[in-house]
Amino acid sequence: MEWMLAARPPFSLGAVVGSHGWVQLAPFVRDEATGGLRRVERLASGQVVELRIWEVPGGVQVEVVETLTEAEQAELSDKVSWMLGLVQDFSAFYALARQEPKLAGVMENAQGRLLRSPTLFEDVVKTILTTNTAWSGTKRMVGSLVAWFGSPLVASAPTAQDESALRYSEAPQAFPTPEQVAAADEAMLRGEVRLGYRAPYVLELARSVASGALDLEALRHTDLPTAELRKRLLALKGVGAYAAANLLMILGRYDFLPVDSWALKMVSHEWHSGEPVGAAEVEAAFDHWGEWKGLAYWFWDWSYKG
DNA sequence: GGTAGACCTGGACGC
DNA sequence: GCGTCCAGGTCTACC
């Protein structure tokens with residue numbers, strides 16, 4: 001079955017998919033045939049489906065092979081809308097960006113939305129797995145986590161033994177739920193999934209969410225001030241200044257910059273003749289963009305391409 | 001509040 | 001093929 005979801009204009013699915021590296025992380029798959037997205041998703045009912053999403057005039061078309069109940073279809077619509085930021089409004093940012101040649105074209109290209117996962121749990125895990133590692137390491141760790149703990153798209157009838165046994169699978173799988181990760185132990189996350197020292201961070205996060213002690217998903221729709229929301233994120237083990245800023249961007253708050261080694265290099269060449277700079281210089285470079293500084297930084301047309 | 005060192009892995013490099 | 005070095009953010013202990 002398939003259905004259409006409307007998007008606030010301007011909208012470009014290609015711009016969302018290309019907004020950052022998330023599309024390269026399982027279970028996201030870039031759909032080369034349509035320029036859109038594919039993704040295996042587990043529904044609240046436990047059913048596992050493969051979503052296909054492509055752009056149509058006015059929004060996106062969503063397709064799954066399976067027949068869904070009304071509730072399941074509504075759940076998927078909510079997830080797709082959140083992932084693609086279909087209702088996000090960037091008109092205030094575009095009005096400011098119009099004055100800045102380095103941001104020329106952001107409105108015409110419908111830039112602003114950042115691809116996000118259906119749950120904040122998934123985005124926090126992925127963000128933790130971007131820290132202190134190369135991008136290839138992030139892809140490997142996320143892929144391994146999905147392969148070990150995700151729900152398979154096509155499951156044979158499980159036996160009692162299968163239910164308790166963990167099996168690595170490269171078949172298409174959904175991102176694991178907090179409960180599925182919480183059932184692991186740290187040694188397994190270190191030794192098999194090879195998360196390294198990040199293993200206890202991911203495990204603690206999963207167990208906090210699974211036990212109900214931490215309502216992470218509530219932060220997706222909170223009206224907390226950005227500074228307070230940042231404090232909540234920084235309270236998560238493994239989430240520091242960079243990771244918190246990255247997550248705030250995903251949550252639609254752009255007041256803080258995700259300053260990493262790449263940002264330091266770019267700002268160094270853009271405004272300091274290649275001389276080493278610190279986080280303060282990066283912040284200063286974009287401070288005048290106020291609540292939009294994160295987006296200005298993200299879509300800046302850097303002179304240095306190295 | 002600021003800083004040094006440890007954490008873990010994969011890739012680059014030299015032998 | 002093996003060993004060494006380095007890059008990549010965050011945490012903890014210490015000052």
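We use all heavy atoms of the structure for the numbers below, so side chains are in, but hydrogens, waters and symmetry mates are not.
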Margin query: Please list all pairs meeting ring-ring contact (aromatic ring centres under 6.0 Å, His included) that have one or both residues in residues 224-253 of chain A, counting only residues at least two apart or in different chains.
Written below: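 Passing the test, one end in residues 224-253 of chain A: no pairs.
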Margin query: Under the side-chain hydrogen bond (donor to acceptor under 3.5 Å, both in side chains) definition, can you give me all pairs with a residue in residues 74-85 of chain A, not counting sequence neighbours?
Written below: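 For residues 74-85 of chain A, and leaving out neighbouring residues, the side-chain hydrogen bond (donor to acceptor under 3.5 Å, both in side chains) pairs sorted by first residue read A:W3-A:S77, A:E41-A:K79, A:E75-A:K79.
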Item checked: Residue pairs, two or more places apart or on separate chains, that pass side-chain hydrogen bond (donor to acceptor under 3.5 Å, both in side chains) and touch residues 267-280 of chain A ->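 Applying side-chain hydrogen bond (donor to acceptor under 3.5 Å, both in side chains) to every pair that reaches into residues 267-280 of chain A, excluding sequence neighbours, yields A:K102-A:E270, A:E270-A:W300, A:E270-A:S303.
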Margin query: Just to verify, what does A:H20 make a ring pair (Phe, Tyr, Trp, His ring centres under 6.0 Å) with, not counting sequence neighbours?
Written below: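 Only A:W22 meet the ring pair (Phe, Tyr, Trp, His ring centres under 6.0 Å) criterion with A:H20.
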Identify all pairs in which a protein N or O lies below 3.5 Å from an N or O of nucleotides 11-15 of chain C, and state each distance.
{"unit_1": "C:dC11", "atom_1": "OP1", "unit_2": "A:G238", "atom_2": "N", "d": "2.6"}
{"unit_1": "C:dC11", "atom_1": "OP1", "unit_2": "A:V239", "atom_2": "N", "d": "3.4"}

Notebook entry, point to check: A:Q24 and A:W135: side-chain donor and acceptor closer than 3.5 Å?
Noted result: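 Yes, because at least one side-chain N or O of A:Q24 sits under 3.5 Å from a partner of the opposite role on A:W135.
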Notebook entry, point to check: Will you find, in the side chains of A:Q173 and A:S151, an N or O donor that is under 3.5 Å from an N or O acceptor?
Noted result: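 On atom types as modelled, these side chains do not qualify, holding no pair under 3.5 Å.
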Note to self: Looking at A:K293 and A:D255, is there a salt bridge between them, counting it only when a charged N and a carboxylate O are closer than 4.0 Å?
What the structure shows: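 A:K293 and A:D255: not salt-bridged.
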Check: Is A:E50 salt-bridged to A:R38, going by a charged N under 4.0 Å from an acidic O?
Finding: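 Answer for the salt bridge query: yes.
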Next item on the list: Report the distance from atom CG of A:D260 to atom C1' of C:dG9, rounded to the nearest whole Å.
Entry: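 Whole-Å distance recorded here is 9 Å.
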Margin query: Can you give me the bend angle of the helix from B:dG1-C:dC15 to B:dC15-C:dG1? Use the axis through the first five pairs and the one through the last five, nearest 10 degrees.
Written below: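 The angle, to the nearest 10 degrees, is 30°.
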Residues in side-chain hydrogen bond (donor to acceptor under 3.5 Å, both in side chains) contact with [X], at least two apart in sequence or another chain:
| X | answer |
| --- | --- |
| A:E2 | A:Q61 |
| A:E192 | none |
| A:T138 | none |
| A:D301 | A:K305 |

Note to self: Given the structure, check if the side chain of A:Y197 and the base of C:dG9 hold any donor-acceptor pair shorter than 3.5 Å.
What the structure shows: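 Flag set: donor-acceptor pair detected.
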Item checked: Outermost nucleotides of DNA chain B that come under 4.0 Å of a non-hydrogen atom of chain A ->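 Boundary nucleotides touching chain A, in 5' to 3' order, are B:dC7 to B:dG10.
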Next item on the list: Enumerate the residues from residues 123-147 of chain A whose closest heavy atom to DNA chain C is under 4.0 Å, giving them by residue number; use none for an empty result.
Entry: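 Per residue number, the list reads A:T131, A:N132, A:T133.
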Next item on the list: Taking atom CD of A:E70 as the centre, report whether more than 12 heavy atoms of other residues, nucleotides or ligands fall under 6.0 Å from it.
Entry: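 Result for CD/A:E70: open.
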